[in-house]
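First comes the structure, then the notes that go with it.
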Amino acid sequence: MPPSTVETTAEPSGDPLFALVIGLYVALLAIAPTVFAVARLVSGDAAVLYGTVIAMVAVATGVGWWTTERFGSLPRRLGATRTRWVPGLVSLGYAFTGLLSLDWAGVVGVLAMFSGMGAMALGSVLGVMARTRYTDTHLADSERHCVFTAGWPEAARNRLLALVLPLWAVGVAGFASVYVTPEFWPLTFVQILFPVGIGIFMQTQPREYAVTAEGLEQRLPVARRLLPWERYTGYTRTTDALVVHRSWWFDDRFALDDLDDTDVVAAALARYLSAA
């Protein structure tokens with residue numbers, strides 16, 4: 001497998017998509033308290049409240065646009081640290097607060113719960129987008145020693161599947177509890193174990209990787225991720241995979257059957273990791 005040529009990424013002058021997502025995220029968090037204030041201080045008419053929601057989305061989108069233009073490095077700075085996941089975590093607490101307030105807040109509590117769930121999804125998207133922008137900028141002038149596509153070998157994939165099946169079962173049970181035992185509403189939050197289990201298992205699927213001086217670059221269709229070498233303790237070649245060992249979390253495994261030239265990939269890894 002011949003080494004790839006050096007790839008570069010131009011510094012963006014603006015990021016309208018990131019600005020739009022930020023605006024929508026802020027709008028979702030602002031909808032419930034704004035509607036509550038307008039209903040109490042101005043009018044509870046449905047048309048007024050609907051107009052308030054539309055105006056809030058427009059204003060929040062404008063604020064998000066201005067913020068990303070004013071602080072152009074915001075996406076990449078956010079993507080450089082684990083604080084990129086804070087928006088999603090904050091929204092989870094927001095949705096939980098909305099659920100707790102249903103008895104006294106009524107419709108506003110419902111708005112808070114569902115808008116918090118939507119903001120949690122957008123917050124996760126913001127984290128992925130910020131991580132991608134950081135990766136693209138950080139590796140703009142980095143040489144790719146080799147690029148390959150590989151997933152986990154079947155045996156390791158089946159072992160991980162056995163591990164995540166209980167998470168899926170508990171998550172489905174949490175979803176069913178909404179309708180079967182609504183009095184045990186806290187169980188509804190274990191639904192999150194279902195997407196967590198999916199996220200864990202998806203790492204076994206084939207991904208495109210590039211070996212760089214900074215670390216392993218993981219390439220997804222619409223995202224990029226940099227895995228620094230500091231996260232790894234070495235690599236091992238087994239009968240069915242190249243295993244890159246992490247200091248914590250699951251090891252990365254590259255099935256030998258997926259690699260066009262195992263020796264080239266192993267040699268590229270050996271530049272930065274020692275054989276375990």
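Note that these values count all heavy atoms, side chains included, but never hydrogens, waters or copies made by symmetry.
No side-chain donor-acceptor contact under 3.5 Å links Thr262 to the backbone of Leu259. Distance alone, capped at 3.5 Å, is enough to place a donor-acceptor pair between the Thr238 side chain and the Ala241 backbone. Judged purely by atom type and a 3.5 angstrom limit, Ser124 uses its side chain to pair as donor or acceptor with the backbone of Met120. At distances below 3.5 Å, not a single donor-acceptor pair connects side-chain atoms of Trp168 with backbone N or O atoms of Pro195. Looking at Arg84, its side chain does come within 3.5 Å of a backbone N or O of Gly79 through a donor-acceptor pair. Judged by distance alone, the side chain of Asp251 and the main-chain N or O of Val243 form no donor-acceptor pair under 3.5 Å.
Here the CH2-CG distance, from Trp229 to Leu216, works out to 4.0 Å after rounding to the nearest 0.5 Å. Remark: Asn158 CG to Glu154 CD distance equals 5.0 Å, nearest 0.5 Å. In this structure, CG on Leu78 lies 9.5 Å from CH2 on Trp85, to the nearest 0.5 angstrom. One finds the CG atom of Leu17 at 3.5 Å from the CE atom of Met129 (value rounded to the nearest 0.5 Å). We find the CZ-OG1 distance between Arg224 and Thr132 to be 7.5 Å, quoted to the nearest 0.5 Å. Taking CG from Leu111 and OG1 from Thr34, the interatomic distance works out to 10.5 Å, rounded to the nearest 0.5 Å.
Linking Ile, Leu, Val, Met, Phe, Trp and Tyr whenever their side-chain heavy atoms come within less than 4.5 Å leaves Trp65 and Met56 in two separate clusters. The hydrophobic cluster containing Leu220 does not contain Tyr134, counting ILVMFWY residues as joined when their side-chain heavy atoms lie under 4.5 angstrom apart, directly or transitively. In terms of hydrophobic clustering, with Ile, Leu, Val, Met, Phe, Trp and Tyr side chains grouped at heavy-atom distances under 4.5 Å, Val53 and Val26 are assigned to a common cluster. Placement of Leu49 and Val42 within a single hydrophobic cluster is found when ILVMFWY residues are connected by side-chain heavy-atom separations under 4.5 Å, directly or transitively. Hydrophobic clustering, with ILVMFWY side chains joined whenever heavy atoms are under 4.5 angstrom apart, groups Ile198 together with Val170.
Environment of OH in Tyr50: sparse, with no more than 12 heavy atoms of neighbouring residues, nucleotides or ligands closer than 6.0 Å. For CD of Glu208, the number of neighbouring non-hydrogen atoms (other residues, nucleotides, ligands) closer than 6.0 Å is greater than 12. Taking a 6.0 Å sphere around CZ of Phe114, one finds it holds 12 or fewer heavy atoms contributed by other residues, nucleotides or ligands. Annotation for Arg157: atom CZ counts as buried by contact number, over 12 foreign heavy atoms lying within 6.0 Å.
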| From CA spacing to verdict: side chain to side chain contact (heavy atoms under 4.5 Å, CB included), Asp260, Thr149 | CA-CA 9 Å; Asp260 295 330; Thr149 300; over 6 Å; no
| message | Show, in sequence, the C-alpha distance, side-chain angles and deciding distance for Arg246 and Leu227, and conclude whether the side chain to side chain contact (heavy atoms under 4.5 Å, CB included) test is met. | response | CA-CA 10 Å; Arg246 293 202 189 194; Leu227 303 167; 4.0 Å; yes
| request: Show your reasoning for whether side chain to side chain contact (heavy atoms under 4.5 Å, CB included) applies to Ile200 and Trp249. | output: CA-CA 10 Å; Ile200 292 175; Trp249 198 241; 4.1 Å; yes
| request: Decide side chain to side chain contact (heavy atoms under 4.5 Å, CB included) for Leu29 and Ser115; before the verdict, give the C-alpha distance in whole Å, the side-chain angles of both, and the deciding distance to 0.1 Å. | output: CA-CA 7 Å; Leu29 294 184; Ser115 62; over 6 Å; no
Side-chain polar contacts of residues 263-276 - donor-acceptor pairs under 3.5 angstrom, sequence neighbours left out - could you list them?
{"residue": "Asp263", "atom": "OD1", "partner": "Arg237", "partner atom": "NH1", "Å": "3.0"}
{"residue": "Tyr272", "atom": "OH", "partner": "His145", "partner atom": "NE2", "Å": "2.5"}

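Side-chain contact check for Val38 versus Leu41: every heavy-atom pair is 4.5 Å or farther apart. Contact annotation: the side chain of Ile31 never approaches that of Phe36 to less than 4.5 Å [non-hydrogen atoms, C-beta and beyond]. Side-chain contact between Phe148 and Asp258 is absent, with no heavy atoms from C-beta onward closer than 4.5 Å. Trp152 has its side chain out of reach of Phe254: every pair of non-hydrogen atoms, C-beta onward, lies at least 4.5 Å apart. Contact of the Val90 side chain with the Tyr25 side chain is registered, since non-hydrogen atoms from C-beta on lie closer than 4.5 Å. Residues Tyr209 and Arg219 are not in side-chain contact: their nearest non-hydrogen atoms beyond the backbone lie 4.5 Å or more apart. Proximity of Ser247 to Tyr232: side-chain heavy atoms (C-beta onward) are nowhere separated by under 4.5 Å. Looking only at side-chain heavy atoms (C-beta outward), Phe201 and Leu161 come within less than 4.5 Å of each other.
When every heavy atom of Pro153 is checked against every heavy atom of Arg253, the shortest pair comes out as CD-CB, 4.0 Å. Among all heavy-atom pairs drawn from Glu214 and Leu139, the shortest one is OE1-CD2, 3.4 Å. Considering all non-hydrogen atoms of both residues, Leu28 and Ala119 come closest at CD1-N, 3.5 Å. Heavy atoms only, all atoms of each residue included: Ser142 and Ala213 are closest at OG-N, 4.0 Å. Closest approach of Gly116 to Tyr94, counting heavy atoms only: CA-CD2, 3.6 Å. Pairing each heavy atom of Met202 with each of Arg207, the nearest pair is O-NH2, 3.3 Å.
For the residue pair Tyr235 and Asp252, no side-chain donor N or O sits within less than 3.5 Å of a side-chain acceptor on the partner.
Using a cut-off of 4.0 Å between Lys/Arg side-chain N and Asp/Glu carboxylate O, Arg225 and Glu217 are scored as not salt-bridged.
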